[in-house]
Structure formats: C-alpha cells, structure tokens
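Chain naming here is simple, since letters A, B, ... match the order of the sequence lines and numbering starts at 1 in each. Just so you know, these numbers come straight off a predicted model, no measurement behind them.
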Amino acid sequence: MSITEEKKKPYLLELLGLDINPVVGGRRIKVLVSKLGLDGHDRGAKVVARALKDAGFDVVYLGVHQTPESVVNTAIEEDVDIIGVSILSGSHIELAQDLMKLLKEKGIDYIPVFMGGIIPPQDIPILKKIGVKEVFGPGTPLKTIIQKVYEMAVKKRELEKQLRR
Amino acid sequence: MVFDISRIEKIREKMAEWTKEVVEPILKKLPERKREFLTEEGIVVKRVYTPIDLAEKNWDYLEKLGFPGQYPFTRGVYPTMYRGRIWTIRQYAGFGSAEDTNKRYKYLLSIGQTGLSMAFDLPTQLGLDPDHPLAWYEVGKVGVSMPSVVEMDIVFKDIPMDKITTSMTINATAIEVLSMYIVVAESRGIDRKILGGTIQNDILKEFIARNNYIYPPIPSMRYATDAIMWCAKEMPRWNSISISGYHFEEAGATPAQEIAFTLADGIEYVKWVVERGMPVDKFAPRLSFFFAARTNLFEQVAKFRAARRMWAKIMKERFGAKNPRSMMLRFHTQTAGVLLTAQQPEVNIIRTTIQALAAVLGGTQSLHVNSYDEALSLPTEKAVKLSVRVQQVIAYESGVIDTVDPLGGAYYIEWLTDEIEERAWKIIDQIDKLGGMVRAIEVGYPQREIAKSAYEYQLKVEKGEIPIIGVNIFVEPEEPKIEVLKVNPAVRERVVNRLRKLREERDNVKVQRLLDQIAKVAEKEDENLFPYILEAIRAKATLGEISKVLRDVWGEWRAPEVF
C-alpha cells in the first residue's frame, strides 16, 4: 500500500474514534504480535493482530509456541517498531525476563514490548520493572491498545533518531 | 404435526388482533429498547412465541423430541435424568507438583466433588519432560507435571481409583498418560477393566483451536484412533475420547459453529475407526463430548438439545448404528472461561451460576464451574469451593432438576433448538463438501471461521452492542486487588530430581528396547501402539522419551497461521 492511500482513514480507526496516523515519517509502524511459551490460547493475540492490521499498522503475526529467541530474531529480521506478546500460562515473569535480556544482548532494547494475557495485577509492577512497557489484561478495549501501541511506537521512532545522531 | 390447523388459524387471527389493539398503542408510548433483539448466534428473537412458530416448522413432538432416554434423545440421554442421580460435579484441577495436586484433589472430594478432572502442564501436553529446555518456563504452571508413572502414583495417593471416575485433559500424549493411570491402578490391585473415566484424546480440536498438537494430522488421527480402539476392547468403562466444542467457543465460535465443528470432528473419528475395521457399535457407546455454557441461557439450552438430536441422527442414519447407546451424546460442560471478567471479579459468580443452570437445563452429564478469580490466575481454594457450591445450590435447592427437560415444549426453546440445528447442519454440509474435517483443517476452514467470529464479537463489544458489566457498562474506576494463587517455583527442581533418580534406577536396556519397538510399530499403519506404550510406561520410560520416538518417526506439525 502506498503512503498516499493513507488519506483514506482505516475503517477501524473511524469506528473506534481514534485520531492517529500509523504512517510516521513516511514509514508505516510495524508491529510483531506473538504468543510466547508453550501456551496455545491465541484468541487474544489474533484479535489484537487483526485489529492493528485493520487500524493501518503493518503486522507480523508469529503464532503459537514461540521462544524469546524466535521473537527477537524475527524482530530483527522484520525490523519491527514494537513487540506484543501474549501469555496465558502463568509463565509471564520468567518469559519476560528472558525476552528483555535477549533484546538487551542484541542491542535493541529500545524496541518497546507490550504484553497481554492472564496476568495477576500483583505481577504488573514486576513486569514493568523488568522492562515491559504496557500490560493489557482481559477486558482492555481495543481502542486503548491501539492508541498505546501507536504512542509507544512513535516514542521508539524518536529514540531511534536520537540514537542515530 | 401436533397442531390442529383450524386452531392455528384462530391463534393467528387473535394474535393479529392483539398486535394491532394492544401492542401497537403501547409501542407508541413506550418503544422497545432495541430495534432488533439478537441471540449470540445472530438469530432475530421475536416479541413472543406461540404454537404458530412451531406449526411453521412442521414441528412434531414424537419426531423432534420423543421421550428422555429414547431416540433422538433431545430431552436427555437417560429416562429419569437427575431424578435418578445428579450430574457429576467435576472441577478441572491440577497445578504444581504431584503433591500439590494430590492435596487439591483431596480438598475437592472433601467438599462434595464427585469426580476428578486432571489438568496437566504444557510440557506434559506437548510430550516434553520437565528437564527439556522448552519446558523450563512452564513446569507445573497450568497443570500438574506428569513425566512418569512415579508422579501419577503420588497424585493418587490415598484416593480410591476403583471408586471415583477421573477425566484427563490430555490429547497428543493421551496414551502415555492413560498408561500411567493404568499402571498405578494395577499396582494397587485394581483391574483396568473396572476403571472409569475419560481421556480427552481429541486431537482435531487441537489443530482447530487449542493448539496443543505435536504430530501432523494424519499420524495424529492414527494415534487417537489407536486409543479409541484399544479402550473399546480393554477398558469397557472408559470414555476413549471427549469430542470437544468447548475450545471452539473459547476461541470465538458461535453456538452453531461450536456444535457443528464438534459433530464434524465426531464424524471424522467414527469414519476412521470404522475404516480401520471396527464395527460402529463396538466403540461408539464410549465416545463422549464436551461443550461450553455461556450466559445467554436459552440459546445455550437450545444448543445442547440440538447437538443431542443431531448426533443421534448422524449415528443412526450416516453410520447405521443399531445400539441406542451409540446414538447418545453424553457430555461434560464447562462454564465459558472467556466470559469471566478481571474487572469486579465477584460478579463472575453470578455469571457462572446462570451458565451452570444452562448446562443443567441442557442435560449435562458432568459439570465444571469456573472460579471467579480465573481471569487473573488459577483458582484459590476459596474460589473453587464457591464453584462447587454453585453446583450444589442448583442441585439441592433450586428444584429445577425435579422433572426431566423442564423447558421442553416451550415454544421459544423448541423454535430456537430447530434454528440452531438448521444452522449447524449447513456448516456440517460445508465440511462434508471440503472432504471431512482433516481436509478442512488442512485448508484452514474452521480456524478461519472461528477467528472471524472472535473478531466480530470483539468489535460488537467495542461498539457497546454487547454489554459486559464492569468492562463497558457499570465500570468502576478502582479495582480492588483480590488474593490469587501462586505456583511454588520449587516445583521444577523437585520433579526434575525425581526424574533423574528414575532414569538412574530403572533397567535402561529394557527401556531402550521398548522405545525401539514403539518406533517400529509407529512406522506401520495397521498395528495398535497402545500396548507397546503401556509396556514402556510400565518399565518407567518417560513421556518425553516416548514422544521423542514418535516425533522422530512422524515429524512435527507446523500450523498455517490464520488471523
């Protein structure tokens, strides 16, 4: 899709009443959505992936049974702006720790990570301390997710510019 | 037709009169809340139902309903239903180590649960021992870790395996896990012939929605049908499969999609076993089913009734079953996990009560009620006790079970049962046209349909067309934190240590010989794997070792990603 086509606002942005443009600085924001760990519950991840696509983002959907390594490798190969992982198995803290560690090792820990799934509220501060930027628990409106993904990605683009200077 | 045509005409006439003289003036003063009232299936609900609606469907009592315990079983699979015995209270449970799970099971039995339902952790479900690198994060998290017969022995310590029935949510490694159960029972002098319970063993729904598959569809079907055929001969009281719609509903399926995909899976299994040479009445009586119960009460009751009628017809007409037991759709129900909210979690108790009522009015054989805290974590003891109590209040206080199929004959329920059935047949026709469920899965048909339904549902929630208390209406700004269950992180070490000890102490030469034998049998198509896996488990081979052998022979399945 060419940039000029973006003049027609994606229907989902219209429907949700969102005033954002997912093409930033001539480049469409690219989101990696993935399941992480052995857990197979993929309804949430698929709905979020589809919604981001319908909101005009570029979406790479990795599917189930992914490891921190496969997520980080794909993030590099696909040059994504932001990573979303979904975990409903209760292993979110250990998986987040390893994912963040690996991003750091590869020198791309400026790529923001957001998470969804069955996450006890008690664990959210722990995940944020590890470096997860946002945690979207059950019932989070798509509008909130899309808005925040956009904001995080825009910040990442700015950070990237500064790093290049 | 049970309706006198002249009376129907009279009702029609009176209804027109009522609409004009009574309803229309009211509508002018007080319009209805919505232009159109829709069920979750998208069926338009009328203001009121009368005999006209059934007459229009050529509804005939004996043809559509008959009597409980008789074909087509619409009113229930047993003649007296809950007047004889209430459903089995069966809460799905298991977490951490075998010791933690044993303690939870004893607790559940002590508060009045009548059957067990085992949850296994993801490594067990995916054929990985707890010391496998991919298993590291997940040991004991969503279920009990079960790498060997040693763990099963601990889980069932002081639990009478000859008196209770046990259901196991295990699919890609069902034979390994059931073998462990058999070996433990036999070590206590209990013959496998008297063991009662269920293995889920429904691999097709893993490919469609649940995603805990290992091997490609064709060898997976061989594995599943090996279990069905072996159980038919060796374990007369064991349900060799639980053909599941629950996971379709959880992934987003509408009620008609849920039952249609489930029955189409059932058709595929029966077709396979019959083609492998076993007559239908030899194994079909031990096929069982598993559905979800949502809050939309009447549509759910209609769904269960429609599913029962359809399966009876499929078995009788398509497969020529003669034994009425082959035509009975016996099912377990779990309240819909996706309808639990993390917001105002106590409200979930009210939701699950309505859902449980739907299951009971729909004639379920066993029931799991989700706990109010499960949108946040595994349930605490306190939460799970309330789930058992919900079932007990319905069973002992409500009186709804005093007559069989109490909603039978209600114009709305019968009309809705027919509507759901009609929609479900259309989906089954589509799958038949694609060449059956294995083929449909390979081209991604059910996966795509379910993903589409899930997305459409979410958009309706976003638009406020589907109201959810605490999420998009009656929202409270501050959420109180509730106590949640934490799995002890020391579990992995404990299980891994026991596994190492087992590998040191067993006869490794014998284990290797039995594993080699499994590889040989896996390569042939016409031999049943079950007895070979059972012997390997008896010799203390691990689940991961056996699964590795089968992976080497059959390969692993990589799913086409559909979203």
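- Only the side chain of B:V338 has a heavy atom closer than 4.5 Å to any heavy atom of chain A.
- For residues 119-126 of chain B, a heavy-atom distance under 4.5 Å to chain A picks out B:L122, B:P123, B:L126, given by residue number.
- Of the atoms belonging to A:L62, it is backbone heavy atoms, and not side-chain ones, that fall under 4.5 Å from chain B.
- For the residue pair B:S97 and B:D100, a side-chain donor N or O sits within less than 3.5 Å of a side-chain acceptor on the partner.
- The choice from A:G137, A:P120, A:G90 that makes the most heavy-atom pairs within less than 4.5 Å of chain B is A:P120.
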Practice item. Might you work through the salt bridge (Lys or Arg N to Asp or Glu O under 4.0 Å) test for B:R294 and B:E258, ending with a clear yes or no? Key: CA-CA 12 Å; B:R294 296 177 61 87; B:E258 179 189 349; over 6 Å; no
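- Using a 4.5 Å cut-off between heavy atoms, A:K35 makes no contact with chain B at all.
- A distance-only check finds no donor-acceptor pair linking the side chain of B:H132 to the backbone of B:G127 [under 3.5 Å].
- In this structure, chain A has a heavy atom under 4.5 Å from the side chain of B:L128, while its backbone stays farther away.
- Here A:D98 is the residue among A:D98, A:T67, A:L16 with the most heavy-atom pairs under 4.5 Å with chain B.
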Review point. Which is it for B:Q257 and B:S453 under the side chain to side chain donor-acceptor pair (under 3.5 Å) test, yes or no, and what are the steps along the way?
Key: CA-CA 9 Å; B:Q257 285 175 333; B:S453 295; 2.8 Å; yes
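- Between the side chains of A:Q66 and A:S34, no donor-acceptor pair of N or O atoms lies under 3.5 Å.
- Using the six-membered ring where Trp is involved, B:F207 and B:Y213 have ring planes that are parallel, under 30° apart on the 30 and 60° scheme.
- When heavy atoms are compared at a cutoff of 4.5 Å, B:E250 approaches chain A solely by way of its backbone atoms N, CA, C and O.
- Residue contact with chain A, scored on non-hydrogen atoms closer than 4.5 Å, involves the backbone and the side chain of B:E138 alike.
- Within a 6.0 Å sphere centred on CD of A:E69, other residues, nucleotides and ligands contribute more than 12 heavy atoms.
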**Study point:** Working for side chain to side chain donor-acceptor pair (under 3.5 Å), residues A:Q162 and A:E158
**Key:** CA-CA 6 Å; A:Q162 287 167 15; A:E158 284 163 8; 5.9 Å; no
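- Using modelled atom types, no side-chain atom of B:S547 and backbone atom of B:L543 make a donor-acceptor pair closer than 3.5 Å.
- Residue contact with chain A, scored on non-hydrogen atoms closer than 4.5 Å, is absent for B:A559.
- The aromatic rings of B:H247 and B:F290 sit perpendicular, their planes meeting at an angle over 60°, well past the 30° parallel limit.
- Atom NZ of A:K156 sits in a crowded spot, with more than 12 heavy atoms from other residues, nucleotides or ligands closer than 6.0 Å.
- When heavy atoms are compared at a cutoff of 4.5 Å, A:A45 does not approach chain B at all.
- Within the 4.5 angstrom heavy-atom criterion, atoms from both the backbone and the side chain of A:D39 approach chain B.
- Heavy-atom contacts from other residues, nucleotides or ligands closer than 6.0 Å to CD of A:Q122 number more than 12.
- There is no contact between B:T341 and chain A, counting heavy-atom distances below 4.5 Å.
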